[in-house]
Amino acid sequence: MDFELNEDQRAFAQTAQQFAQESLMPMAAQWDEEQLFPKSVLQQAGELGFMSLYTPEDQGGLALSRLDASIIFEQLAMGCTSTTAFMTIHNMVTWMVASFAQEAVKAHFCPKLITGEWLGSYCLTEPNAGSDAASLTTSATKQGDQYIINGSKVFISGAGDTEVLVVMARTSDDGAKGVSAFVVPADAEGISYGRKEPKMGWNSQPTRSVTFEQVSIPAEYLLGEEGQGFIFAMKGLDGGRINIATCSVGTAQHALNAALQYVQERKQFGQALAHFQGLQFKLADMATELVAARQLVRLAAYKLDQGDPEATTYCAMAKRFATDVGFNVCDQALQIFGGYGYIKEYPLERHFRDVRVHQILEGTNEIMRLIIARRVLTEGTQIL
Ligand SMILES: Cc1cc2nc3c(=O)[nH]c(=O)nc-3n(C[C@H](O)[C@H](O)[C@H](O)COP(=O)(O)OP(=O)(O)OC[C@H]3O[C@@H](n4cnc5c(N)ncnc54)[C@H](O)[C@@H]3O)c2cc1C
């Protein structure tokens, strides 16, 4: 067992760190304030391979492991949480199309998804189907060589500004087994988008509802076979949970770094804040919990890479733990900055707002506990 990054991983991390410092960090506050979606920067990220990190090589992706991708996303998240989180969703969409579409369909969509020229959204959640995603009602009805899609999705990241949608829709009444996945051009006739949702954080990417009214797509845009959609959606979410957990770890590391610097510089009662044991203990706990979160995320990524049968449970554990730790570390770092932590001149309040949603999406942390509890309570088996 080796816990050190290998040479390649260190090189990936360095490239990502440079991109984060040069192209994300200087702009992150402005993107947040003005709610700008930095599409040209996402294309630059595409040129470096960041938009298709684990997409198979035969489709033009880098075919990296989930562990490698996590190491890269962590560095990127230190530059801009919200933009990196969008990149992770785009990676999930690109991987799904490249893995499950028919060859001709892959050839149509993948080249532009990989470069970031086209951006992708993942459409699972509906107004009445959030945590209980398998109860979704958006329908896809086969008519000759077309599917006709009707229904609506909510909270869709990037929607209205992306070119490609991966849509989960019902092809039969058979619960989760009746859900199928489709790749849908975002400008297909009959698709309309809601207003850009005003949000607490994640402001460098738009969130909108999507309505499908008699949207007709070629039958070959079905991913895999009818009824496999929910399996794909959950497979996507295992990796998605690692990615979101990683965005929390990267952001929290950035917040902790800022706090460590601040306590050396800021003086009260005639001495640097760093001299107060109350703050030293707080910083020690933040660092310890952050390391534990990172290691759990990497363990879950490793399990997913190995095709370990327990991977889903570990991904849920990592997502729950790292997003809770990430939020707490950002909160404590803000506290250490005192009043300055609360004002926008410093990035602490943005970090706090951005990581909050990680406890909600890609399955809420209550749903993560449900997945873990179901597994640990299975009789006659033990999870190690
Ligand atoms: C900014 C943002 C971006 C998003 N992006 C996307 C996207 O790109 N694509 C997409 O498909 N979705 C997206 N989502 C949706 C997100 O995944 C859902 O909001 C999330 O899954 C929760 O669903 P819900 O909001 O309907 O809450 P609900 O399911 O209504 O849950 C409400 C509360 O009840 C709790 N709860 C529910 N069931 C149980 C239970 N059995 N036991 C205990 N507690 C329970 C939940 O944990 C939660 O606290 C996004 C959401 C946000 C806010």
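- Pairs of residues two or more places apart, or lying in two chains, that qualify as side-chain hydrogen bond (donor to acceptor under 3.5 Å, both in side chains) and include a residue from residues 229-242 are D238-T312.
- Checked by atom type, the side-chain pair Q253/N257 shows a donor-acceptor distance below 3.5 Å.
- Interatomic distance, CD1 of I244 versus CE of M92, reported as 8.5 Å (0.5 Å rounding).
- The stretch residues 50-77 participates, sequence neighbours left out, in these salt bridge (charged side-chain N to carboxylate O under 4.0 Å, His left out) pairs: E74-R294, E74-R298.
- S70 and T246 form a side-chain donor-acceptor contact under 3.5 Å, judged by distance and modelled atom types alone.
- Not a single ring pair (Phe, Tyr, Trp, His ring centres under 6.0 Å) links H90 to another residue, sequence neighbours left out.
- Ring-plane geometry between F269 and F276 is classed as perpendicular, the angle between the planes exceeding 60 degrees on a 0 to 90 degree scale with a lower cut at 30.
- The pair R375-E310 meets the salt-bridge criterion, with a side-chain N (NZ, NE, NH1 or NH2) lying under 4.0 Å from an Asp/Glu carboxylate O.
- Sorted by first and then second residue, the pairs that involve residues 319-334 and meet salt bridge (charged side-chain N to carboxylate O under 4.0 Å, His left out), not counting sequence neighbours, are R320-D324, D324-R369.
- In this structure, the side chain of Q17 does not engage the main chain of L76 through any donor-acceptor pair within 3.5 Å.
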Q: Would you sort out whether T15 and I72 count as a side chain to side chain contact (heavy atoms under 4.5 Å, CB included), showing the intermediate values?
A: CA-CA 8 Å; T15 309; I72 292 168; over 6 Å; no
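- The closest donor-acceptor contact from the side chain of S121 to the backbone of S157 lies under 3.5 Å.
- Residue pairs meeting the side-chain hydrogen bond (donor to acceptor under 3.5 Å, both in side chains) criterion with at least one partner in residues 333-351, sequence neighbours excluded, are E349-R353.
- With sequence neighbours left out, Y262 forms a ring pair (Phe, Tyr, Trp, His ring centres under 6.0 Å) with F337.
- Taking Y302 as the reference, nothing meets the ring pair (Phe, Tyr, Trp, His ring centres under 6.0 Å) condition, with sequence neighbours excluded.
- Note that NZ of K106 is 10.0 Å distant from CG of L223, once rounded to the nearest 0.5 Å.
- Residues E126 and S152 form no side-chain contact, since every pair of their non-hydrogen atoms from C-beta on lies 4.5 Å or further apart.
- With hydrogens and angles disregarded, no donor-acceptor distance shorter than 3.5 Å links the side chain of D32 to the backbone of A28.
- Using a cut-off of 4.0 Å between Lys/Arg side-chain N and Asp/Glu carboxylate O, E4 and R10 are scored as not salt-bridged.
- Hydrophobic cluster membership of F155, counting Ile, Leu, Val, Met, Phe, Trp and Tyr whose side-chain heavy atoms lie under 4.5 Å apart directly or via other members: V154.
- Applying the ring pair (Phe, Tyr, Trp, His ring centres under 6.0 Å) test to H108 and every residue at least two apart in sequence or in another chain returns W118.
- Side-chain contact check for N365 and T323: at least one donor-acceptor pair (N or O, by modelled atom type) lies under 3.5 Å.
- A distance below 6.0 Å separates the ring centres of F100 and W95.
- The closest side-chain donor-acceptor pair between Y54 and N243 falls under 3.5 angstrom.
- Residue pairs meeting the side-chain hydrogen bond (donor to acceptor under 3.5 Å, both in side chains) criterion with at least one partner in residues 214-231, sequence neighbours excluded, are Q146-S216, Y147-E226, N150-Q214.
- Under a 3.5 Å cut-off, the side chain of K267 and the backbone N or O of G270 do not form any donor-acceptor pair.
- Under the 3.5 Å distance criterion, the side-chain polar atoms of K153 are matched with a main-chain donor or acceptor of M168.
- Hydrophobic cluster of M25: no remaining members, since no ILVMFWY side chain lies below 4.5 Å from it.
- For an aromatic pair to be called close, the ring centres must be under 6.0 Å apart, and F37 with F86 satisfies this.
- L370 belongs to a hydrophobic cluster whose remaining members, ordered by chain and number, are I367, M368, I371; membership requires side-chain heavy atoms of ILVMFWY residues under 4.5 Å apart, directly or through intermediates.
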